[in-house]
Amino acid sequence: MTDFYDDLETRSSDRREAEQFAALPAHLHHAKDAAPYFRQLLAGIDPASIHDRNALATLPVTRKSDMIALQQAHPPFGGLAAVEIGRLARVFASPGPIHDPEPHGVDPWRSARALFAAGFRGGDLAHNCFAYHLTPAGSMFETGAHALGCTVIPAGTGNTEMQAQVVASLKPRGYIGTPDFLKIILEKGDALGLDVSSIRIAAVSGGPYLPDARAFYEARGLDVYQSYGTADLGIVAYETRARSGLVVNEGCIVEIVRPGTGDPVPDGEVGEVVVTIFNPAYPLIRFATGDLSAVLPGTSPCGRTNMRLKGWMGRADQTTKVKGMFVHPSQVAEVLRRHPQLGRARLVVGRQDASDTMTLRCEAEESGEGLAAAVRETLASVTKLKGTVEFVAPASLPNDGKVIDDTRG
């Protein structure tokens with residue numbers, strides 16, 4: 001039994017980078033030609049000039065948080081789709097609502113690699129407990145399972161007693177679904193005196209994999225693996241037997257940027273996950289997910305050579321209201337842009353004497369009242385709110401991706 005889905009997973013990092021960026025210009029040309037949104041967004045940009053990560057970082061980001069407004073203005077997909085709706089396999093409506101297209105083809109959401117890394121193989125029977133109605137997760141993993149040659153039980157969500165009965169009667173080897181629902185099914189089976197021990201492997205996503213669930217599965221001898229993805233992008237990264245971060249999926253270019261900007265941060269620093277996918281039907285380019293993560297150094301001990309992420313580390317959209325006005329991470333980034341002698345910064349929002357307060361804590365090699373006054377003036381100009389400025393030593397702010405820290409409780 002091979003350890004890898006294909007040779008792409010073990011090619012050298014240099015080769016992967018070269019091949020992806022050799023293919024990117026044609027993909028950008030396609031997006032500009034076929035998708036009205038990208039025709040406007042990338043106007044004046046020569047796709048042939050986007051040949052490495054530094055060049056990619058000059059392109060504007062498209063934020064998931066803007067998708068509802070974009071799709072309402074230009075239904076059904078905000079102008080981001082590169083094919084007509086009648087040429088798609090399925091159309092979904094995620095909460096918002098946000099409409100998500102699924103193209104025809106084998107494994108369109110790139111879930112097969114995550115399932116393979118979790119131990120699924122051709123001929124396995126998989127109990128798929130992701131929702132099949134309106135949201136794409138059920139189809140996302142079913143198409144990947146079919147690409148591997150698995151047979152799928154389209155179990156969906158809810159109806160726990162029947163789920164346990166189906167497991168006992170059909171005896172699937174693998175479970176696909178949220179981390180907590182498998183525990184509920186197994187406990188229901190135990191309570192009903194059913195044999196649900198056929199499930200030995202699981203691929204989980206769509207929620208936090210908490211320590212109590214992990215301990216429960218380990219006690220039963222189950223191999224459970226996480227993956228990270230979104231309804232727009234499909235599977236972005238997945239866990240392997242190394243249990244050492246999440247390996248970025250082939251077919252994705254992942255960047256970690258400072259929240260509120262499109263500027264990449266150094267490896268190891270927590271920032272927002274931005275993804276470019278090579279999906280000709282839905283060519284999302286520099287798609288800012290709103291999720292926080294960080295790059296792990298080196299490559300996975302499992303032998304896969306792609307970039308690794310630490311996993312989901314919170315939300316990047318830390319917008320909050322101060323004195324009735326919204327303050328955004330992008331505004332903190334603008335203050336830093338105007339004062340390049342500063343390092344990282346964190347806006348601490350508090351409460352004193354029944355009034356909101358703001359303190360901008362800035363990393364700086366040197367400080368003084370002159371610089372503090374200038375930064376205060378910029379902060380007021382950008383946010384239309386007054387705040388204080390506090391200087392701290394370089395690299396002393398926590399590496400957790402927080403740009404705005406609302407301490408008001």
Pair listing, salt bridge (Lys or Arg N to Asp or Glu O under 4.0 Å) test, anchored in residues 73-82, at least two apart: none

Carboxylate-amine/guanidinium proximity below 4.0 Å for R315 and D317: no

Spacing of L246 atom CG and I235 atom CD1 [to the nearest 0.5 Å]: 10.5 Å

ring-ring contact (aromatic ring centres under 6.0 Å, His included) contacts touching residues 216-239 (sequence neighbours left out): none

Those residues that, when tested against H104, pass side-chain contact (heavy atoms from CB on, under 4.5 Å) (two or more places apart): A89

Side-chain donor-acceptor contact under 3.5 Å, T10 with T305: no

Ring-face cation of R361 near F391 (centre distance under 6.0 Å, axis angle within 45°): no

Pairing residues for N249 by the side chain to side chain donor-acceptor pair (under 3.5 Å) criterion, not counting sequence neighbours: none

Salt bridge E250-R113, side-chain N to carboxylate O under 4.0 Å: no

Selection residues 301-331 - residue pairs positive for ring-ring contact (aromatic ring centres under 6.0 Å, His included), sequence neighbours left out: none

Short N-O contact, D33 and R39, less than 4.0 angstrom: no

Residues E363 and R344 bridged, charged N to O under 4.0 Å: yes

Lys/Arg-Asp/Glu bridge criterion (N-O < 4.0 Å) met for R200, D124: no

Side-chain donor-acceptor pair present, T240, R304, cut-off under 3.5 Å: no

Qualifying ring-ring contact (aromatic ring centres under 6.0 Å, His included) pairs with a residue from residues 149-174, counting only residues at least two apart or across chains: none

